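Note that this is a predicted model, so its numbers are computed, not measured.
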Amino acid sequence: MNVSLMIMSGVDDGLLLSYSAQDDGRLTHSEWILTIGRRDESDVCLRNDTFISRDHARLHWRDDQWSLEDCDSKNGTYIEGGDDDVRVSGTVMLEPEQLFRIGRTWLRLQPHG
């Protein structure tokens with residue numbers, strides 16, 4: 001299992017980050033979890049955005065679906081939602097190519113290849 005995230009804003013705009021369930025994150029019998037934050041230990045480390053918490057959010061793969069969870073971050077996690085961004089409360093489902101924002105950094109979940 002592999003996934004890629006495209007950074008869509010900020011100093012790393014256009015950077016493609018690729019992850020493998022064999023090498024990254026935490027894999028259990030029922031799900032794969034990738035952590036997102038400013039910590040060097042985060043699976044998706046976004047240290048250039050000071051609006052991102054050390055432990056900001058998590059991506060979950062389970063039941064053939066990606067979901068995004070905010071980890072009680074100070075500045076919130078958002079998904080693109082028409083005219084206004086929608087703040088994530090708890091866990092929300094993500095679609096391939098859906099934009100989401102962590103701090104001030106926009107990312108896009110790339111489709112499986």
Side-chain angles (χ1 to χ4, degrees):
M1 161 86 48
N2 298 308
V3 69
S4 296
L5 295 172
M6 175 74 73
I7 297 180
M8 304 297 292
S9 65
V11 297
D12 293 322
D13 186 13
L15 180 65
L16 183 65
L17 306 170
S18 297
Y19 301 93
S20 165
Q22 294 175 337
D23 301 320
D24 304 299
R26 188 175 79 225
L27 183 63
T28 68
H29 68 283
S30 61
E31 71 179 335
W32 176 29
I33 300 171
L34 292 169
T35 59
I36 305 171
R38 281 191 300 117
R39 283 189 199 274
D40 288 337
E41 297 82 19
S42 297
D43 300 309
V44 182
C45 181
L46 301 170
R47 68 178 63 86
N48 294 321
D49 185 341
T50 59
F51 286 81
I52 294 176
S53 300
R54 289 183 297 271
D55 297 310
H56 198 104
R58 291 186 192 105
L59 283 169
H60 298 263
W61 173 258
R62 67 178 150 233
D63 300 326
D64 296 325
Q65 174 71 46
W66 282 105
S67 60
L68 178 65
E69 173 191 12
D70 182 75
C71 296
D72 296 324
S73 64
K74 181 178 179 183
N75 292 304
T77 300
Y78 296 83
I79 57 172
E80 186 178 45
D83 293 336
D84 294 314
D85 302 334
V86 177
R87 187 169 184 151
V88 172
S89 177
T91 303
V92 297
M93 297 303 207
L94 284 180
E95 297 298 324
E97 299 188 14
Q98 184 169 7
L99 292 173
F100 61 97
R101 181 166 54 90
I102 306 292
R104 290 190 171 170
T105 302
W106 281 98
L107 299 108
R108 181 176 67 202
L109 186 66
Q110 296 293 104
H112 294 50

Checklist entry - Do Ile33 and Trp61 share a hydrophobic cluster, counting only Ile, Leu, Val, Met, Phe, Trp and Tyr and linking them when any side-chain heavy atoms are less than 4.5 Å apart? => result no
(Q) Can you confirm whether Arg62 sits close enough to Ser30 that some side-chain heavy atom of one is under 4.5 Å from a side-chain heavy atom of the other? (A) no
| message | Do Ile102 and Ile79 land in one hydrophobic cluster if side-chain heavy atoms of ILVMFWY residues count as linked below 4.5 Å? | response | yes
Notebook entry, point to check: Is a side-chain donor or acceptor of His56 paired with a backbone partner of Gly76 at a separation under 3.5 angstrom?
Noted result: yes
Apart from Met8 itself, its cluster of hydrophobic side chains linked below 4.5 Å comprises Met6, Leu16, Leu99, Trp106
- Query: Can any side-chain N or O of Asp85 pair as donor or acceptor with the backbone N or O of Tyr78 at less than 3.5 Å?
  - Reply: no
In short, Arg87 meets Ser73 closest at the heavy-atom pair NH2-O, 3.8 Å
Starting from the C-alpha separation in whole Å, work towards a yes-or-no answer on side chain to side chain contact (heavy atoms under 4.5 Å, CB included) for Val86 and Val92. CA-CA 10 Å; Val86 177; Val92 297; over 6 Å; no
Taken to the nearest 0.5 Å, the spacing of Asp49 CG from Asn75 CG works out to 8.5 Å
Original post:
Does Phe100 share a hydrophobic cluster with Leu15, counting links as ILVMFWY side-chain heavy atoms below 4.5 Å and allowing steps through other members?
Top reply: yes
Scanning both residues in full, the closest heavy-atom pair of Asp72 with Asp70 reads N-OD2, 3.0 Å
Rounding to 0.5 Å, atoms CD (Gln98) and CG (Leu109) come to a distance of 8.5 Å
*Side-chain donor/acceptor of Arg38 to backbone N/O of Asp40, under 3.5 Å*: no
Applied to residues 13-43, the ring pair (Phe, Tyr, Trp, His ring centres under 6.0 Å) test, sequence neighbours excluded, yields Trp32-Trp66
Apart from Met93 itself, members of its ILVMFWY cluster (side-chain separation under 4.5 Å) are none
In this structure, CG of Leu5 is separated from CG of Leu107 (nearest 0.5 Å) by 6.0 Å
One should read off an interatomic distance between Arg104 CZ and Asn48 CG, to the nearest 0.5 angstrom, of 14.0 Å
For Val44, does its backbone N or O pair with a side-chain atom of Ser42 as donor and acceptor, under 3.5 Å?
no
Any donor-acceptor N/O pair, Gln65 side chain to Leu94 backbone, under 3.5 Å: yes
Can you find a side-chain donor-acceptor pair between Ser18 and Ser4 that sits under 3.5 Å?
yes
ILVMFWY network linking Val3 to Leu27, side-chain heavy atoms under 4.5 angstrom: yes
Quiz item: Any salt bridge between Arg39 and Asp55, counting N to O under 4.0 Å?
Solution: yes
OG1 of Thr77 to CZ of Arg101, rounded to nearest 0.5 Å, is 9.0 Å
- Query: Considering only heavy atoms from C-beta outward, does the side chain of Leu68 approach that of Thr91 to under 4.5 Å?
  - Reply: no
- Is Asp43 reaching over with its side chain to a backbone N or O of Thr35, donor-acceptor style, under 3.5 angstrom? yes
Distance col, row Leu34:CG vs Leu17:CG, nearest 0.5 angstrom, shows 10.5 Å
